[in-house]
A.B. asks: 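Sending over a structure as structure tokens; questions will come in a sec.
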Amino acid sequence: MAMNEENVILKMTGITKRFPGTLALDNVHMTCEKGKVHVLLGENGAGKSTLVKIISGEYTRDAGTIWYDGKEVNFTDVRQAMAAGISMIHQELSLLPERTIAQNIYLGHEPMKKGLNAVIDYKKMVRDSRELLEKLGVDLDPNIQIKKLSIAQKQMVEVVKALSFDVKLVIMDEPTSSLASREIEKLFEIVRKLKKDGVAIIYISHRMDEIKCIGDCVTIMRDGQYIDTVDAATVDLDVLISMMVGRKIEKMYERNYCKPGEVVFETENLTGLRFRNVNIKVRAGEIVSLSGLVGAGRTEIAKAVFGYDPIDSGKVRLMGKEIKRPVPIKSVANGMGFLPEDRKNEGLILPMTISENMVSACLKKIFRNGFLNARKECEIGEKYVEYLKISTPSAEKTVGELSGGNQQKVVIGKWLETGCKFLIFDEPTRGIDVGAKSEIYKLLDSLTKEGYGILMISSEMNEVIGISDRVYVMKEGEITGELNRGDLTQERIMHYAIEGKERINA
């Protein structure tokens with residue numbers, strides 16, 4: 001793909017990086033222009049994150065050359081790259097939970113008061129943070145502690161933090177993975193403004209619909225190697241997927257719809273933290289989705305019915321039995337499993353093995369005498385590695401070393417081993433590449449055929465439309481619409497999410 005050499009801000013050639021036992025990058029090259037969005041595409045494990053960490057100074061390369069802003073560079077730490085105008089927004093949030101938004105935004109480059117004894121100018125830091133938040137259209141009080149924010153709000157703070165100093169190149173690693181449509185459009189407005197200001201942007205995403213919306217060109221990587229760079233406006237998305245995964249995916253959204261069975265989960269006028277008068281039904285063999293903008297109350301419902309958060313009033317029925325004052329141990333015992341949005345911190349024990357994670361939710365059930373049976377634990381791990389097609393040499397591999405898609409499969413296996421027949425999936429494909437997404441969708445479809453009932457919370461509209469039997473749409477804590485499969489369109493879902501009309505039975 002032809003580029004304007006005078007406009008080039010970054011040029012990388014022959015980049016190679018080795019880790020013990022792994023060739024992460026093999027002779028990779030990439031060129032970025034000022035005022036352009038350069039999408040970096042590839043499956044998990046393709047080498048995208050390693051490449052951008054070399055650009056940002058987090059890793060050093062083993063071979064190759066980097067030219068940045070007209071000269072050859074060799075950043076050996078993140079501060080050097082930041083001083084040169086390179087900022088990175090990580091997919092994995094790096095905020096300090098006990099500190100405020102303002103303290104996080106200016107962490108490491110706090111404004112200081114003049115004088116012999118230099119101290120932080122907190123008033124200026126809060127004032128500048130508020131101006132920056134308002135400028136970027138983020139409606140948050142800079143004095144709020146990070147721990148009080150939702151994942152989507154934390155993601156927007158990460159964006160603001162990255163833009164809190166003069167930047168020439170911004171790297172965005174899955175910036176929309178936890179955002180709903182309104183927040184995504186807000187982020188895209190920020191991206192367009194950066195482009196007008198001549199800032200170059202490297203944009204990593206697994207959401208294929210974002211490529212043509214925001215990208216100018218696309219570089220595809222596979223197995224640590226450069227595949228091609230193409231024009232984002234003219235390339236066919238199916239061609240991109242084939243280049244990325246090395247095979248053709250015939251059908252992304254796999255569903256073999258069947259006649260639903262008995263009601264496995266039901267709420268009646270449920271009211272709690274950030275939601276009220278919620279009535280939901282899920283039958284065996286169904287995938288029922290909760291859709292709506294970030295902050296609509298979807299995750300709060302899931303946490304309340306599982307027992308993480310209190311319920312103020314209303315009823316929860318599981319397998320026809322009313323569950324009074326749900327707590328997680330009671331929910332699991334009655335057949336409910338909860339797969340959280342933040343699987344790394346809430347769904348898995350990363351330093352432990354696949355086998356250990358697989359039995360972590362049902363230790364009492366499996367090891368009734370109180371003694372751990374290592375052989376049985378290993379057998380369970382191997383069983384689900386085979387059943388869920390987890391890509392690993394062994395069930396004794398540490399979960400933290402797996403890709404996002406394989407980690408999600410481990411979470412699924414953990415709950416299947418408990419015997420649960422009703423599963424709540426909160427953002428089931430967040431941070432997962434397109435090939436792994438297809439596998440997760442097939443897995444969800446196979447679970448419905450086995451009689452599982454699934455309640456799914458998703459911010460990906462195509463995902464909701466592609467695999468749901470029914471959709472409840474929420475706005476500001478209330479259900480404003482219920483749509484059957486034949487009536488699912490993006491326009492109808494967004495109508496109820498934004499306009500908040502009366503609930504209908506479509």
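What you see is a predicted model; the values in this text were computed from it and never measured. In this chain, residues are counted from 1 in sequence order.
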A.B. asks: Hey, could you give me the NZ/SG distance between Lys383 and Cys378, rounded to the nearest 0.5 Å?
C.D. replies: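 SG of Cys378 is found 12.5 Å from NZ of Lys383.
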A.B. asks: Looking only at non-hydrogen atoms, find the nearest pair between Ala284 and Gly451 and report the distance.
C.D. replies: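 Shortest heavy-atom separation between Ala284 and Gly451 comes out as CB-O, 3.4 Å.
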A.B. asks: Which atom pairs, one a donor and one an acceptor, fall under 3.5 Å between side chains of residues 299-313 and the rest of the protein, sequence neighbours left out?
C.D. replies:
unit_1 : atom_1 : unit_2 : atom_2 : d
Thr299 : OG1    : Asp426 : OD2    : 2.9
Glu300 : OE2    : Arg274 : NH1    : 3.3

A.B. asks: Does Lys17 make a cation-pi contact with Phe19 (under 6.0 Å, within 45 degrees of the axis)?
C.D. replies: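 Yes, a cation-pi geometry holds between Lys17 and Phe19.
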A.B. asks: Hey, could you give me the CD/NZ distance between Gln153 and Lys148, rounded to the nearest 0.5 Å?
C.D. replies: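 Taking CD in Gln153 and NZ in Lys148, the distance rounds to 12.5 Å.
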A.B. asks: Under 4.0 Å between a Lys/Arg side-chain N and an Asp/Glu carboxylate O for Glu286 and Arg470?
C.D. replies: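 A salt bridge links Glu286 with Arg470.
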A.B. asks: Check this for me, if you would: do Lys409 and Glu439 make a salt bridge, where the nitrogen-to-carboxylate-oxygen distance has to be below 4.0 angstrom?
C.D. replies: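 A salt bridge is present here (some side-chain N lies under 4.0 Å from a carboxylate O).
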A.B. asks: Using a strict threshold of under 4.0 Å (side-chain N to carboxylate O), is an ion pair present between Arg375 and Glu379?
C.D. replies: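 So Glu379 does not pair with Arg375 through a salt bridge.
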A.B. asks: Quick one: which of Gln80, Glu58, Met82 gives a side-chain contact (heavy atoms from CB on, under 4.5 Å) with Phe75?
C.D. replies: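 So, applying the side-chain contact (heavy atoms from CB on, under 4.5 Å) to Phe75 and each of Gln80, Glu58, Met82, only Gln80 qualifies.
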A.B. asks: Quick check with a 6.0 Å cut-off and a 45 degree axis cone: is Arg317 positioned over the face of Phe265's six-membered ring?
C.D. replies: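 No, Arg317 does not lie over the aromatic ring of Phe265.
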A.B. asks: Do the side chains of Glu460 and Lys437 get close enough for a salt bridge, i.e. N-O under 4.0 angstrom?
C.D. replies: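 A salt bridge is present here (some side-chain N lies under 4.0 Å from a carboxylate O).
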A.B. asks: Could you tell me which residues satisfy side chain to side chain contact (heavy atoms under 4.5 Å, CB included) with Cys213, sequence neighbours excluded, listed by chain and number?
C.D. replies: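 Side chain to side chain contact (heavy atoms under 4.5 Å, CB included) check on Cys213 returns Phe188, Arg192.
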A.B. asks: Which atom pair, heavy atoms only, marks the closest approach of Leu107 to Leu96?
C.D. replies: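 Minimum heavy-atom separation between Leu107 and Leu96: CD2-CD1, 3.8 Å.
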A.B. asks: Hey, could you give me the CG/CG distance between Leu140 and Leu149, rounded to the nearest 0.5 Å?
C.D. replies: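 Result: 6.0 Å between the selected atoms.
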A.B. asks: Provide the closest heavy-atom pair for Glu356 versus Glu377 in the form atom of the first, atom of the second, distance.
C.D. replies: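 For Glu356 versus Glu377, the nearest heavy atoms are CG-OE1, 3.6 Å.
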